[in-house]
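Contents: one structure, followed by commentary.
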Amino acid sequence: MAVLSPQLYTTGKEDTPDFDTTASCSACTWELWQGSSGAFAPSIVTASQYDEVSTYFSSEHGITTGGYIQWQQSPSPAPDASKMCGATWDEASSKCSKSCPGGLDGECDQGQKCWGSIKSCPTTMNHCGKDYADASAKCGTECPGGLDSECDMGSGEKCWGGIKCGNFCGPDWSGASACAQSCPGGLDSECPDGQTCYGKISCST
């Protein structure tokens, strides 16, 4: 099905949709869009403007909108350490290789499913670094939205997902690095007796 999408913004920073028609074309009115066979889905800056757009075209021009196209980028869903991909639950729980925040098998690679109630994976999985190894080694700045813009791009850093680092229990730093038991809240009370919660532990793949 064809989609007709007039652009209701100029810079992409507008707080409200721009309903002005082309100034140099006096015959180019909104009435030209009435009865069109394609879906009328205006391009707007953010989804929050859609109600105003839908009401305007319906009441002022008799045009029914059929959705919208959003210009503003949206961050990817933050990784959910309780939902992981794997061929089996045990594999998903032990490897913690890829999260499936929506809980859908379609978010996983072929031959894998999305498994819930995973408790052994680190809770923070997006970190900044010059490459994957750098991000994994230092477990530094987090980029929860999965966007490079959350990192220091001036120094060549990008956002890398699937970084296995977080808070883990152990009798010392070395023991915590085995990543046997997580303490997502960063509290010693989440650990067995005699163990301490250590942060920014980088787990080996």
Side-chain angles (χ1 to χ4, degrees), residues 45-48 70-205:
V45 178
T46 66
S48 62
Q70 178 174 297
W71 176 86
Q72 192 176 81
Q73 291 185 339
S74 297
S76 301
D80 183 347
S82 69
K83 298 174 185 175
M84 289 286 167
C85 299
T88 63
W89 188 91
D90 287 338
E91 179 182 286
S93 180
S94 62
K95 291 188 175 181
C96 300
S97 60
K98 184 177 182 180
S99 77
C100 42
L104 305 174
D105 293 343
E107 297 174 89
C108 301
D109 297 331
Q110 187 173 4
Q112 295 186 338
K113 293 183 178 182
C114 183
W115 302 87
S117 301
I118 305 292
K119 297 181 180 180
S120 60
C121 297
T123 56
T124 301
M125 300 186 70
N126 283 358
H127 284 269
C128 300
K130 294 183 178 179
D131 53 32
Y132 182 90
D134 179 48
S136 182
K138 64 186 182 184
C139 289
T141 303
E142 299 176 25
C143 43
L147 303 175
D148 292 342
S149 58
E150 297 175 90
C151 302
D152 184 3
M153 298 176 66
S155 64
E157 289 192 340
K158 294 183 177 181
C159 183
W160 301 87
I163 304 299
K164 298 180 181 179
C165 52
N167 298 337
F168 287 88
C169 302
D172 51 33
W173 183 277
S174 177
S177 296
C179 301
Q181 181 169 336
S182 66
C183 44
L187 304 175
D188 293 343
S189 59
E190 298 175 89
C191 300
D193 290 341
Q195 294 191 12
T196 300
C197 182
Y198 291 87
K200 296 187 177 181
I201 298 293
S202 179
C203 303
S204 62
T205 54

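The shown structure was predicted, so the numbers you read here are calculated from the model rather than taken from an experiment.
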Residues passing the side chain to side chain donor-acceptor pair (under 3.5 Å) test with Ser48, sequence neighbours excluded, are Thr46
Separation of SG atoms, Cys143 and Cys159, below 2.5 Å
yes
If you take all heavy atoms of His127 and Ala135, which pair is closest and at what distance?
O-CB, 3.8 Å
Listed partners of Asp134 passing side chain to side chain donor-acceptor pair (under 3.5 Å), at least two apart:
Lys138
Euclidean distance, Cys85 SG relative to Glu107 CD, rounded to 0.5 Å
7.0 Å
Contacts of type side chain to side chain donor-acceptor pair (under 3.5 Å), residue Gln112, not counting sequence neighbours
none
Quick one: are Trp173 and Thr196 in side-chain contact, heavy atoms under 4.5 Å?
no
Test disulfide bond (SG atoms under 2.5 Å apart) applied to Cys191 and Cys169, step by step:
CA-CA 6 Å; Cys191 300; Cys169 302; 2.1 Å; yes
Inter-residue atom distance Asn126.CG - Thr141.OG1, 0.5 Å rounding
12.5 Å
Between the side chain of Trp89 and the main-chain N/O of Trp115, is any donor-acceptor distance below 3.5 Å?
no
Are the two sulfur (SG) atoms of Cys100 and Cys114 closer than 2.5 Å?
yes
Spatial distance of atom CD (Glu142) from atom SG (Cys151) [nearest 0.5 Å]
10.5 Å
Quick check against the 3.5 Å criterion: does Gln70 have a side-chain atom that pairs as donor or acceptor with the backbone of Ala47?
yes
Short question: side chain of Glu190, backbone of Leu187 - any donor-acceptor pair under 3.5 Å?
yes
Looking at SG of Cys128 and NZ of Lys158, how far apart are the two atoms once the value is rounded to the nearest 0.5 Å?
12.5 Å
Under 3.5 Å, is there a donor-acceptor pair between the side chain of Glu91 and the main chain of Thr88?
no
Locate the shortest heavy-atom distance separating Asp172 from Gly175; write the atom from each residue and the value.
OD1-N, 2.7 Å
